[in-house]
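This report refers to the structure that appears directly beneath it.
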Amino acid sequence: MTENTRIGSNDKTTSGTPPVRVRYAPSPTGMQHIGGIRTALFNYFFARSRRGTFILRVEDTDQTRFHPEALEDIYESFRWLGISADESPAAGGDYGPYVQSQRLELYREHARRLVEAGRAYWDYTSASVQRSEGEEAVPYNYSGRNLSESQIREYQEEGVTPVLRLLVPAEGEAVFEDLVLGRIKRKHKDLPPDPILMKSDGYPTYHLANVIDDHLMEISHVLRAQEWVPSTPLHLLIYGAFGWDPPQFAHLPMVMGKDGSKLSKRHGSTSLVEFRRQGYLSEAVTNYISLLGWSLDDSREFFTRDDLESLFTLERINKAPAVFDYRKLEWFNGQYLRDLPEERLTAELLPYIQEAGWAQSPASAADRDRLVALLPLIRERLKVLSDVVPLLRFVYEEVQQWPLEELIPKQADAASAAVWLDAAWQVVVQTGTDDEQTLDDALRVAAEKLDTKLGNLLMPLRVAITGSRVSPPLVGSIRELGMERAAARVAGARRVLESETN
RNA sequence: GUCUCCUUCGUCUAGUGGUUAGGACACCGGGUUUUCAUCCCGGCAACGGGGGUUCAAUUCCCCCAGGAGAUGCCA
């Protein structure tokens, strides 16, 4: 905002403001998780709100952890969220390739430039200290800094492939103005000792590749998680070594689990596909995630993707980490679920019905119609789409058992329960389920005649019909079930009560 | 250990040099309702601590504490 006021316009054709170009740069090593998606979304919203360009770049420089499914998951996640990259491996663009493993020659060339400039060096002494995941790190002791020609030749004859290390100055410090956090400083001597830029397998590390690509792709703003703050000074050093101007940085607050540590698998579902499978709607997830570290004002919290594409601003990003609250997401989902158009809700629900084996796949018109008819019964009872299965089981499957203790209202006995069940069912049969109000009135009259509460009359019937004390509205349930099937269930429940009274 | 960042109800957050510190989720209570759910009403609940600066600090500064992140030939 301040920038707009100062410049007077953010129209890139009439002002000096460089165009906004941002990127989401995931590494295809696992399924997209909430934290990554939050970063993707914020980048996307920022780009759209500033009429800029949103780029997807695949950072696959760790071939040992690469998974093809993970790559597919990135695209699938974007599709589901309804966002698309202006430039990406799939869409192409003028700054490609957008997959780092296809840019190796570029990195090598730049590596050479760094060595020639005396800002980096090939280290032959670290070849043996590779370690696997859990191992303790042994700090690098600069052993490769000043090797003699003959020493290098010796290593080369042994077949040692060197790693490229950045020559970190002993003096000085890096300072930058983070758009979210403000001024951040770090002394060069506090950086890791001469970090590796190029691995012995010929692939660049994140630090090198990210700097080269962001520069070459003319990235204007880097929006990434705060876990990157400590290595930003290192990146600045690399930009400086190349003689390049760095982009602007905006470090997003971390997303934490309930216990306050970085959100991870042990906090429950954290991957986008899992939420999707459980039946969260894309718009609910997007809305909830947008509020993780960002807010518009003191009251509004419902935002469509369109809203966010225009309302999102960096100024409203929070500094403090946010705890992921599954219950609030659930609430959001319920809200969205409740005012979904019938057609869409049906389409969203159908896969769960099919998975339960209650509908063909592809679904027939009859499958669809049946579900549509059931919608009013369950709509406001859904928190997630998968709730539909337990909610409608009594319709699609037969009731096998009528637990006696459920059948008998509190403080009553089997004999009275039987009387009430009979009376209630008789009223249903006589009145029919076509007109809910009429049936309702009739049931009330019957209860009064029997000198009991309406609930006592209905609970045995509810359990008879649905097999449970908790169910969708009774009258509608009976109607959807059909009188015949309902009658059979009443008879079944009646037998249970019978056997008890005898 | 070292470095960096962070700190308003349990959670997401708004906010200000002087406010009854606001909203939402959750929770509790009540109402509507044939159960559950929805819906409505009400309630509980926060400026981490200590120093400054100031007529006045939750707000500005410093210190402490706590939390998190980083410290990999992972990103």
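Below, read A as the first sequence line, B as the second, and so on, with proteins coming before strands; counting in each chain starts at 1.
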**Request:** Rounded to the nearest angstrom, tell me the gap between atom OH in Tyr24(A) and atom P in A75(B).
**Result:** 15 Å
**Request:** Give none if A65(B) has no partner; otherwise give the nucleotide forming a Watson-Crick or G-U wobble pair with it, both distances under 3.5 Å.
**Result:** U7(B)
**Side-chain donor or acceptor of Asp194(A) paired with backbone N/O of Arg165(A) under 3.5 Å** = no
**Asked** Starting at the 5' end of RNA chain B and moving along, which residue's nearest nucleotide shows up first, Ser295(A) or Trp228(A)?
**Response** Ser295(A)
**Asked** So, is Arg224(A) close to the A70(B) phosphate, meaning a side-chain N or O under 4.0 Å from OP1 or OP2?
**Response** no
**Message:** Quick one about Arg65(A) and Ser27(A) (side-chain donor to acceptor, distance below 3.5 Å, no hydrogens or angles considered), yes or no?
**Reply:** no
**Whole-angstrom distance between G18(B) and U54(B), as gauged at atom C1'** = 12 Å
**Message:** List the residues meeting ring pair (Phe, Tyr, Trp, His ring centres under 6.0 Å) with Trp122(A), not counting sequence neighbours, and say none if there are none.
**Reply:** none
**Prompt:** Within a radius of less than 6.0 Å around CD of Glu405(A), do more than 12 heavy atoms belonging to other residues, nucleotides or ligands occur?
**Reply:** yes
**Asked** Looking for any heavy atom pair under 4.0 Å, which part of the strands does Gly334(A) touch: base, sugar-phosphate only, or nothing?
**Response** nothing
**Asked** Is there a donor and acceptor pair, one atom on the side chain of Lys328(A) and one on the base of A26(B), closer than 3.5 Å?
**Response** no
**Under the side chain to side chain contact (heavy atoms under 4.5 Å, CB included) test, residues paired with Ala412(A) that sit two or more places apart** = Ile408(A), Pro409(A), Ser416(A), Trp420(A)
**Asked** If you measure from the C1' atom in C64(B) to the same atom in C12(B), how many Å do you get, rounded?
**Response** 28 Å
**Complete:** Paired to G18(B) by Watson-Crick or G-U wobble criteria (both distances under 3.5 Å) is C55(B)
**Message:** Output the rounded distance in Å from OH (Tyr336(A)) to P (C25(B)).
**Reply:** 14 Å
**Asked** Between U2(B) and C9(B), how far is it from one P atom to the other, in whole Å?
**Response** 29 Å
**Asked** Of the candidate nucleotides C73(B), A70(B), A68(B), which contains the atom at the shortest distance from the side chain of Glu227(A)?
**Response** A70(B)
**Prompt:** Which base, if any, makes a Watson-Crick or G-U wobble pair with G43(B), both distances under 3.5 Å?
**Reply:** C27(B)
**Message:** Checking Asp307(A) now: which residues fulfil side chain to side chain donor-acceptor pair (under 3.5 Å) with it, not counting sequence neighbours?
**Reply:** Arg300(A), Thr304(A)
**Asked** For Phe303(A) and A14(B), what is the distance between atoms CZ and C1' respectively, to the nearest whole Å?
**Response** 12 Å
**Prompt:** With the threshold set at 4.0 Å, does a side-chain nitrogen-carboxylate oxygen contact exist between Arg23(A) and Asp213(A)?
**Reply:** no
**Message:** Please encode protein proximity along nucleotides 2-9 of chain B as a string of B, S and -, counting only heavy-atom distances under 4.0 Å.
**Reply:** -SSSSS--
**Message:** Here's a test of your reading of the structure: between Ser27(A) and Arg300(A), which maps to the more 5' nucleotide of RNA chain B?
**Reply:** Arg300(A)
**Message:** Using the salt bridge (Lys or Arg N to Asp or Glu O under 4.0 Å) criterion, which residues pair with Lys328(A)? Sequence neighbours excluded.
**Reply:** Glu301(A)
**Request:** Could you list the residues that satisfy side chain to side chain donor-acceptor pair (under 3.5 Å) with Lys262(A), not counting sequence neighbours?
**Result:** Glu227(A)
**Message:** According to salt bridge (Lys or Arg N to Asp or Glu O under 4.0 Å), does anything in residues 434-446 of chain A pair up with another residue at least two apart or in another chain? List the pairs.
**Reply:** Glu436(A)-Arg479(A), Asp440(A)-Arg444(A)
**Sugar-phosphate only, base, or nothing, as touched by Thr61(A) at under 4.0 Å among non-hydrogen atoms** = sugar-phosphate
**Asked** Any Lys/Arg nitrogen of Glu105(A) or Arg112(A) sitting under 4.0 Å from an Asp/Glu carboxylate oxygen of the other?
**Response** yes
**Fill in**
note: Phe302(A), atom CZ; C12(B), atom P; distance rounded to Å ~ 18 Å
**Request:** Kindly write out the residues that satisfy salt bridge (Lys or Arg N to Asp or Glu O under 4.0 Å) with Arg186(A), not counting sequence neighbours, or none if the list is empty.
**Result:** none
**Item:** Atom-to-atom span, CG of Leu292(A) to P of U13(B) - whole angstrom
**Value:** 7 Å
**Request:** Using the C1' atom as the reference point in each nucleotide, state the distance between G10(B) and C44(B) in Å, no decimals.
**Result:** 12 Å
**Message:** For a quick check, with a 4.0 angstrom heavy-atom cut-off, what is the B/S/- contact string for nucleotides 27-48 of chain B, read 5' to 3'?
**Reply:** -------BBBBSS---------
**Length of the CD1-P vector between Ile212(A) and A75(B), whole Å** = 13 Å
**Prompt:** So which nucleotide does C36(B) pair with, by the Watson-Crick or G-U wobble rule with both distances under 3.5 Å?
**Reply:** none
**Message:** Enumerate the ring-ring contact (aromatic ring centres under 6.0 Å, His included) contacts for residues 161-188 of chain A, please, sequence neighbours excluded, ordered by first and then second residue.
**Reply:** Phe176(A)-Phe249(A)
**Asked** Taking NZ from Lys258(A) and P from U11(B), how many angstroms apart are they, rounded to a whole number?
**Response** 7 Å
**side chain to side chain donor-acceptor pair (under 3.5 Å) involving Tyr239(A) - partner list, sequence neighbours excluded** = none
**Message:** Please report the distance separating the P of G1(B) from the corresponding atom of C61(B), rounded so that it comes out in whole Å.
**Reply:** 27 Å
**Item:** Interatomic distance, Trp122(A) CH2 vs C73(B) C1' [rounded to whole Å]
**Value:** 12 Å
**Asked** Checking all strands, does Met198(A) fall into the base, sugar-phosphate, or nothing category for heavy-atom contacts under 4.0 angstrom?
**Response** nothing
**Message:** For C73(B), does the base pair up with any side-chain atom of Ser200(A) as donor and acceptor (N or O, under 3.5 Å, distance only)?
**Reply:** yes
**Prompt:** G1(B) pairs with which nucleotide, Watson-Crick or G-U wobble, both distances below 3.5 Å?
**Reply:** U71(B)
**Asked** Taking only N and O in the side chain of Ser231(A), is any of them less than 4.0 Å away from OP1 or OP2 of A70(B)?
**Response** no
**Message:** Measuring only the C1' atom in each nucleotide, how far is A70(B) from A21(B)? A whole number of Å is fine.
**Reply:** 35 Å
**Message:** Counting primed atoms plus P, OP1 and OP2 as sugar-phosphate and everything else as base, spell out the protein contacts along nucleotides 58-65 of chain B at 4.0 Å heavy-atom distance: B, S or - for each nucleotide, 5' to 3'.
**Reply:** --------
**Message:** Please tell me if Lys262(A) has a side-chain N or O lying less than 4.0 Å from either OP1 or OP2 of G67(B).
**Reply:** no
